[in-house]
Structure formats: C-alpha cells, structure tokens
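Single-structure report; data block below.
All ligand and atom numbering here is 1-based and tracks the order in the structure. Note that the structure is predicted; figures quoted are calculated from it, not measured.
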Amino acid sequence: MEIKKGIAVSPGIAIAKSLVIDSEDYRIPRRSILPSAKVAEVKRVRDAFKNAIAELEDIHSEKDFEGERIKDIFAVHLRFLKDKNLRKKITDLVYNDLLTAEYAISTTLREVANHFASVQDKYISERAADIYDIEKRLLRQMLGEKRHDIASITDEVVIVAHELSPTQTAGFDKKYIRGFATDAGGRTSHTAIVARSMGIPAVVGLEDVTSNVAPMATVIIDGNRGVVIIDPDETTLKQYTEFALEFERLERELDTLRDMDAITRDGVTVELYGNIEFPNEAEMVLDKGGHGIGLYRTEFLYLYSEMEPTEDDHYKAYREVLRVTGNLPVIIRTMDLGADKFTQSKRFVRESNPFLGLRSIRFCLQNLVLFKTQLRAILRASVEGNIRIMFPLISSLHELRQAKMILRDVMEDLDEDKIKYNPNVPVGIMIETPSAALTASILANESDFFSIGTNDLIQYTLAVDRGNERVSTLYSGADPAVIKLMRSVMHDANKAKINASICGEMASDPEFIMLLLGLGYRTFSLAPPMIPEIKKLIRSVTIESCNSIARKVLMMNSEREVINYLRSAAMKVLPEVF
Ligand code: PEP
Ligand code: MG
C-alpha cells in the first residue's frame with residue numbers, strides 16, 4: 001500500500017482499478033515489468049517499429065506528396081526506424097533491465113535527441129526534432145489502443161495521468177470514470193473546475209503519481225482530503241468503502257435543502273448561483289437549489305468543438321440555458337480564451353508568459369470578428385431571458401470602455417438589421433487583477449455589477465501560477481493581501497451602489513464563507529455540487545458572528561494565522577463537512 005498526498009480539487013471518494021494514461025508530450029514514467037512478461041513486451045517494441053515503418057512507407061509512397069524536401073525527411077525517419085542497433089538498444093532495456101516498452105523507447109530516443117541537440121552543427125542539431133517525431137510516432141502505436149479505451153470504456157476506472165486538459169476532462173463519462181489523479185495541476189486550474197462541476201472526485205498536483213501506479217492497480221481517490229491510496233490493504237479498503245457510503249448519505253441529506261433559502265440564523269438572505277461551462281449543466285444548478293447562473297464560462301463552447309463556433313452555435317447554446325433557467329438571471333461571461341484555455345490550438349502563437357499575455361478580454365479586443373460574433377449572439381438571446389453580460393480580466397478603465405464600445409457597435413449592427421435585443425442589458429465586469437481591485441471605485445462608475453474572480457485575483461496578487469503544483473502551497477485566498485483587496489472592492493461597490501458577487505472558487509470553499517459574509521458579500525456563484533453544502537453553512541451562522549470573524553481576520557498578519565483560524569471556525573459550525 002502506498003499513500004500519496006496531493007491537492008484535493010473535487011470532493012468525493014472513488015475506488016476502482018487504475019487506467020494510466022501516458023501523454024505523448026511528457027516523459028514516460030520509468031516502470032518495471034515482471035520477468036515473465038519480457039518476451040511479450042519485446043514483441044510490443046517490434047510491433048510498434050513494424051507498424052510505424054509501414055505507416056511511413058505508405059506516406060512516403062504517396063505520389064502527389066508535397067515537395068521533395070518532405071519526402072526526404074520521411075526517408076530519414078525511415079532510416080532511423082530501420083536501424084538495427086537502435087532497436088537492439090531498446091529491446092535490451094526491456095529484456096535485460098525489465099523496463100516497459102514505452103519507457104525503453106522514450107528514454108533511448110530522447111538520449112539520441114539530446115545528443116543531436118548538443119552538436120554545434122546546425123543541420124545535425126536540428127535532427128533532434130526528427131527524433132522526437134519518431135518517438136511520438138512509436139508511442140502513438142502503443143498508446144493508441146489505450147486512448148481508444150477511454151472512449152469505449154465499459155468498466156469503472158480511475159484515471160491516472162500526468163496532466164489532463166479541461167476539454168479531455170469534460171469528455172469523461174462519469175458513469176465509468178469514477179475519479180482521477182494527476183501529477184500536475186492546482187486547485188483552481190480549469191481541469192479541476194470542470195471535475196468539480198461534473199462531480200468527479202479528483203486529486204491533482206501529486207507530482208509523480210504516474211510513476212507509482214501500475215495499470216489495473218486498485219486505487220482510492222479521496223477528493224476531500226487530497227489523498228490517493230495505491231494498492232490499499234484490507235482494512236483501508238473497508239474503511240474507505242464506509243467513507244464513500246457516508247459521503248453519499250451526507251450528499252443526499254444536503255440535497256433536502258434544495259428548496260430552502262440560503263438565509264442566516266439572524267435573517268439575512270444570501271443569493272446562491274451556479275457556475276457552468278456547458279449549457280447542460282444549467283439543470284444541475286437548479287436541481288441543487290441555485291437561483292440562476294452567476295458565471296457561464298462560454299469559452300468552453302470554443303474549446304469543445306473541432307470547428308470555430310458560429311453566431312448560431314453561440315445563440316443556440318445560450319437559448320438552451322435560458323430554456324432551463326426561465327426568468328432567473330444568467331450571467332454570460334464573454335470568452336476567456338488564452339492562458340490554459342486554447343482554441344483550436346494552432347491558432348495560438350506560443351507565449352512565454354501566457355497568463356500575462358494575450359488572454360481573455362485582451363484576446364477578444366484583438367480578435368474583433370470572434371468577439372462581435374459572440375456579442376451578437378448574446379444580444380439576440382437577451383430578449384428571451386434575464387441575460388447579463390460580463391467581461392473577464394478587465395485591468396483598466398480603457399479596456400472596459402473599449403469592450404463597451406464594441407458592444408455598442410454590435411447593437412448598432414443589430415439595429416440596422418432590424419434584429420431585436422435588450423438595449424438595457426446589464427453589463428458588468430470581473431475583478432480579477434489587483435489593478436481592477438485597486439481602481440474599483442473608478443470602474444464602478446461604468447459597470448452595472450462586479451463579480452470577483454478570486455482564482456485569478458489570487459494568482460495575480462500573489463504572483464503564483466494557479467495551475468502549477470510546485471508553487472501550490474503559496475497559492476491561498478487567506479493571504480492578507482487578497483483579503484484586503486476584497487474588502488476594498490466591497491467598500492467601493494457599496495459606495496457606487498452596485499452589486500459585487502464572488503464567482504471564483506473561494507465561494508465554493510466552506511472555510512471562507514464566514515469571512516466573505518463578514519466582508520459584506522451577499523451573492524456567491526459556485527460549482528453546482530457545492531451549493532447545498534454552502535447553503536447549509538450559511539443557514540448555520542449569524543451575520544454578527546461573521547462580522548466579528550472578518551474583523552479579527554483583518555487584524556491578522558499572516559496567511560497561516562488566517563487559514564488556521566477560519567478552518568477551526570468553520571469546523572465548529574459544520575463538523576460533518578470536514
Ligand atoms: C476566476 O478567475 O476566479 C474565475 C471565476 O474565472 P476562471 O476560473 O474561469 O478564470
Ligand atoms: Mg478568471
């Protein structure tokens with residue numbers, strides 16, 4: 001039995017056999033095989049070479065192939081693949097050192113590539129890229145079967161991977177994929193957010209879990225405590241089976257709160273909305289007792305399809321949400337692309353600091369056709385429900401004015417085309433950067449509402465990448481810098497008489513709710529499965545006690561002090577949740 005500690009990102013307990021996915025872009029973990037498997041494993045190496053050669057010969061023989069130069073490149077690849085010494089080196093690693101075929105191929109070819117890369121001669125050093133290509137081709141031969149497995153899985157499994165993209169995760173069939181564990185990732189990475197929305201237990205940031213889990217090993221994912229247990233012993237397995245039942249019982253009990261208000265013991269009402277990535281999640285928000293959609297991450301429409309969405313694709317998606325929500329508010333956030341959410345990836349130029357680069361509203365303002373297409377669709381849908389528009393990552397008044405000017409342009413276009421829309425559609429912004437938080441009093445003059453994106457606000461305030469497991473201990477909403485900014489935004493919003501809500505993950509975290517209420521926040525938008533738990537917490541506290549918590553926290557000097565205090569306060573109120 002082995003226990004690994006990572007970052008808990010999506011609650012729940014999953015117990016199943018592992019399906020380890022190796023990614024072609026990452027180093028294949030060093031894994032051993034049993035002596036009895038070595039003959040079959042050598043055959044896998046030979047088969048991979050045979051199939052890769054056949055594949056290349058096919059391409060090479062195509063008559064109308066573009067240009068001799070490319071043909072030459074494939075000829076070089078073929079020569080490598082047919083090199084007996086290279087193949088022997090790999091099969092020796094499998095046969096004598098008992099390593100997996102994937103690892104033997106990857107490590108040998110990377111050694112060759114590194115050797116080429118270090119040579120001064122430009123022609124030779126550039127061959128390193130060819131070797132990586134050959135490595136990928138061979139690994140695809142072997143991992144192809146496993147990829148196929150994910151789509152057609154009919155047994156319950158937990159996925160173990162180096163990293164998963166938000167799009168990959170969104171495609172999981174929850175019935176079979178019971179949970180996942182990854183080497184990389186942080187609590188507010190978009191993969192984690194998708195897992196939470198889908199209710200799939202997940203632990204990320206485990207650093208080397210892919211090296212520790214053998215395929216088909218029994219794995220327990222404890223998404224509440226951030227623990228992964230590999231090959232559990234009898235007692236642990238029994239204990240976790242009981243935990244899983246207890247968790248389900250608690251969830252059922254919380255679901256009974258569905259139709260009750262989120263009202264504190266001293267009578268203050270709090271609005272709870274849900275965050276969604278896909279239209280079909282709107283139903284879950286209402287099922288869990290949410291009063292509308294506080295954040296619709298529309299960029300997922302972009303991420304999920306092979307084709308660029310048209311105006312009608314946008315429009316249909318928004319109408320699908322409105323069909324479920326009726327007259328309840330739906331805050332449509334304009335596309336937040338870039339950073340860790342890419343479009344059909346080729347369209348993006350690589351950036352060395354993507355989170356500080358052309359992302360979000362900046363990307364939209366430089367890609368007006370795409371931006372206007374979306375705004376037109378939102379405006380068209382605005383006559384069919386209670387839609388509000390929200391711009392992400394606004395970092396200056398100038399940017400807000402530019403975005404609003406584009407919106408006005410689109411309104412004029414619709415006027416010309418005699419298409420109806422709501423000219424008074426409320427337009428708000430996300431407060432996600434320290435610059436926006438510090439100039440909230442200015443931005444408030446031209447915004448109908450604020451919503452704090454704490455995921456990004458924490459990242460930019462503390463200069464900590466939200467998705468990087470290596471700095472995840474530095475990433476915390478309990479840092480006094482973050483809390484002071486949040487207090488100041490609330491103060492400025494109150495002064496301007498506009499609503500300020502929170503739609504970042506802090507609002508889904510029971511440890512922070514009392515502080516947020518104490519800072520004056522009365523509207524939260526959260527991952528739908530978390531709504532009942534947060535509602536229960538709100539129903540168990542008084543605003544008076546929350547105010548006193550906030551006062552104490554604002555006097556504290558360190559993150560440690562704040563988080564320990566908030567944790568023990570929340571545990572006292574709702575011990576069963578912890
Ligand atoms: C945030 O940054 O807190 C937020 C809600 O937006 P996203 O997580 O999509 O970046
Ligand atoms: Mg954000």
Side-chain angles (χ1 to χ4, degrees), residues 9-10 165-167 169-170 185-198 204 272-278 281 285 290 293-304 330-343 354-364 374 388-395 399 403 428-437 449-468 475-477 479 482-483 485-486 489 500-509 512 516 521 523-528 530 534:
V9 295
S10 180
S165 73
T167 316
T169 312
R187 182 168 161 77
T188 63
S189 61
H190 286 97
T191 299
I193 288 170
V194 171
R196 209 149 39 240
S197 283
M198 294 172 73
V204 304
L272 294 183
Y273 297 112
N275 293 347
I276 62 168
E277 286 76 41
F278 299 100
E281 290 170 325
V285 173
I293 311 298
L295 168 66
Y296 177 6
R297 291 184 164 99
T298 57
E299 61 279 3
F300 277 80
L301 183 67
Y302 222 93
L303 301 180
Y304 208 43
V330 175
I331 300 184
I332 300 189
R333 172 177 78 182
T334 58
M335 286 174 290
D336 190 28
L337 290 163
D340 64 341
K341 288 178 289 194
F342 297 103
T343 55
F355 274 98
L356 301 181
L358 190 63
R359 71 169 289 211
S360 201
I361 194 71
R362 303 169 184 179
F363 176 79
C364 285
Q374 175 174 38
R388 297 159 195 196
I389 296 176
M390 177 158 77
F391 297 128
L393 206 79
I394 291 290
S395 52
E399 222 164 36
I429 62 169
M430 291 190 74
I431 303 285
E432 306 191 90
T433 60
S435 65
F449 61 90
F450 286 161
S451 188
I452 304 195
T454 52
N455 306 340
D456 277 317
L457 185 63
I458 297 169
Q459 143 167 286
Y460 293 125
T461 304
L462 304 178
V464 180
D465 180 344
R466 62 193 264 190
N468 184 341
Y475 182 96
S476 169
D479 194 286
V482 176
I483 296 167
L485 285 179
M486 297 187 60
V489 172
S501 62
I502 299 176
C503 64
E505 299 307 299
M506 246 170 117
S508 298
D509 191 335
F512 285 106
L516 300 177
Y521 290 92
T523 314
F524 302 121
S525 189
L526 23 148
M530 296 305 293
I534 298 298

Looking at every heavy atom in both Leu393 and Ile361, which two are closest together, and how far apart are they?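 Shortest heavy-atom separation between Leu393 and Ile361 comes out as O-CG2, 3.6 Å.
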
Short N/O distance, under 3.5 Å, between Glu505 and ligand 1? no

Return a yes/no value for Glu299: is any of its N or O atoms, backbone included, closer than 3.5 angstrom to an N or O of ligand 1? no

Is Asp336 close enough to the Mg ion (ligand 2) to have an N, O or S atom under 2.8 Å?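 Not a single backbone or side-chain N, O or S atom of Asp336 is under 2.8 Å from the Mg ion (ligand 2).
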
Pairwise side-chain contact, [X] with [Y], heavy-atom cut-off 4.5 Å (strictly under):
X      : Y      : answer
Asp509 : Arg187 : yes
Met486 : Ile502 : yes
Ile193 : Arg297 : yes
Glu432 : Gln459 : no
Ile331 : Tyr273 : no
Tyr475 : Leu462 : no
Val489 : Ile452 : yes

Which option out of Met390, His190, Glu277 puts a heavy atom nearest to atom 7 (P) of ligand 1?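 Among Met390, His190, Glu277, the closest heavy atom to atom 7 (P) of ligand 1 comes from His190.
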
Suppose I only count heavy atoms of [X] and a 4.0 Å limit; which atoms of ligand 1 are within that range?
X      : answer
Leu295 : 5 (C)
Arg466 : 2 (O), 7 (P), 8 (O), 10 (O)
Gly504 : 3 (O), 5 (C)
Asp336 : 9 (O), 10 (O)
Ile193 : 8 (O)
Asp456 : 1 (C), 2 (O), 3 (O), 10 (O)
Met430 : 4 (C), 5 (C), 6 (O)

Shortest-distance N, O or S atom of Glu432 relative to the Mg ion (ligand 2):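 The atom in question is OE1.
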
Please name the atom of Asp456, limited to N, O or S, that comes nearest to the Mg ion (ligand 2).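 Looking only at N, O and S atoms of Asp456, the one nearest the Mg ion (ligand 2) is named OD2.
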
From CA spacing to verdict: side-chain contact (heavy atoms from CB on, under 4.5 Å), Ser10, Met198: CA-CA 9 Å; Ser10 180; Met198 294 172 73; over 6 Å; no

Between Arg333 and ligand 1, find which residue part has any heavy-atom pair under 4.0 Å and reply side chain, backbone, both or neither.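 The answer is the side chain.
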
Measure Ile452 to ligand 1 on non-hydrogen atoms and call it side chain, backbone, both or neither using the 4.0 Å cut-off. neither

Find the distance between OH (Tyr460) and CG (Leu356) and round it off to the nearest 0.5 Å. 6.0 Å

